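The next block holds one structure in the form of structure tokens; read it before the comments.
The structure displayed is predicted, hence computed values, not measured ones.
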Amino acid sequence: MSRRTHRSLPFRLLLSILMIATASLTGVVASAGTAQADGCYTWSRTLSQGTSGADVTALQIRVAGYPGYGGVLAIDGEYGPGTAAAVQRFQAAYGLAADGVAGPATFSKIYALQDDDCTPVHFSYAELNNCNSTWAGGAVSAATAKSNALRTMWKLEALRHALGDQSIRVTSGFRSHACNDAVGGAASSRHLYGDAADLGSGPHSLCRLAQQARNHGFNGILGPGYPGHGDHTHLDHRAGRFWSASSCGI
């Protein structure tokens, strides 16, 4: 065996070991990335002011709970100043660099906050619908009612985080006409649209929930002091603002 051949054996062995280690590391990283993005939605580009599309809409749904006091973020697929400001507040709320640009760090936090069905980790479709399993029978199509409930849940997730990540108890969400009639709901109740949630007291008082909700994109806030709302705080997405919880200073 020549010296050259003899000297190449350790080199080849070392090279093989390095290649195996690199492949193993790459596999670990790829697996972690897939798990992190979960089965719901994965963004493929950085989003900032001026961009538009379905990926912007998906982002807006998830940051709609950060519009600022009294604000409501438009879910329109257009990354304008309002979306940038909401992203910035979301980033600040979770200790990220608050630049209003949605990039890998922002998406990683969203991935950590969402389940495979796109709901935020602390809320579920079942919580927002104890009426039926189909989302049918309300004032809008079943698909629209369910979509409205998803948007409500992401706002509730923002509210929950702002209140110290303590649990929030949802006592009523979507109602069909039959379910609404059975509980004596108003004929024009927002529950029929799937975009309302009634919250019961728990770690936080009803007034604390109503007061904090003013920062998280709810046009409708009804609580203690408003007729029929002494035992819950009601939040919804009606077209115009109507806040009334006189016992809470609202």
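Rounded to the nearest 0.5 angstrom, Phe123 CZ and Leu159 CG are separated by 7.0 Å. Atom CD1 of Ile250 is separated from atom SG of Cys207 by 7.0 Å, given to the nearest 0.5 angstrom.
Inter-residue side-chain proximity for Tyr66 and Trp154 is flagged as unmet; no heavy-atom pair is nearer than 4.5 Å. Taking the side chain as every heavy atom from C-beta outward, Glu78 and Thr83 never approach each other to under 4.5 Å. In this structure, the side chains of Ser201 and Thr233 stay at 4.5 Å or more apart for every pair of heavy atoms. Counting only heavy atoms from C-beta outward, the side chains of Val183 and Ser172 never approach each other to under 4.5 Å. Contact of the His237 side chain with the Phe218 side chain is registered, since non-hydrogen atoms from C-beta on lie closer than 4.5 Å.
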Could you please spell out the steps behind the salt bridge (Lys or Arg N to Asp or Glu O under 4.0 Å) verdict for Arg175 and Asp198? CA-CA 12 Å; Arg175 300 175 192 159; Asp198 290 347; 3.4 Å; yes
I would like to know whether Phe107 and Leu47 meet side-chain contact (heavy atoms from CB on, under 4.5 Å); could you show each step before the answer? CA-CA 10 Å; Phe107 297 139; Leu47 301 176; 4.2 Å; yes
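Between His234 and His229, the two ring planes are perpendicular [angle over 60°; tilted spans 30° to 60°].
Under the salt bridge (charged side-chain N to carboxylate O under 4.0 Å, His left out) criterion, Arg214 pairs with no residue, sequence neighbours left out.
Looking at Thr106 and Gln91, their side chains do bring a donor and an acceptor atom within 3.5 Å of each other.
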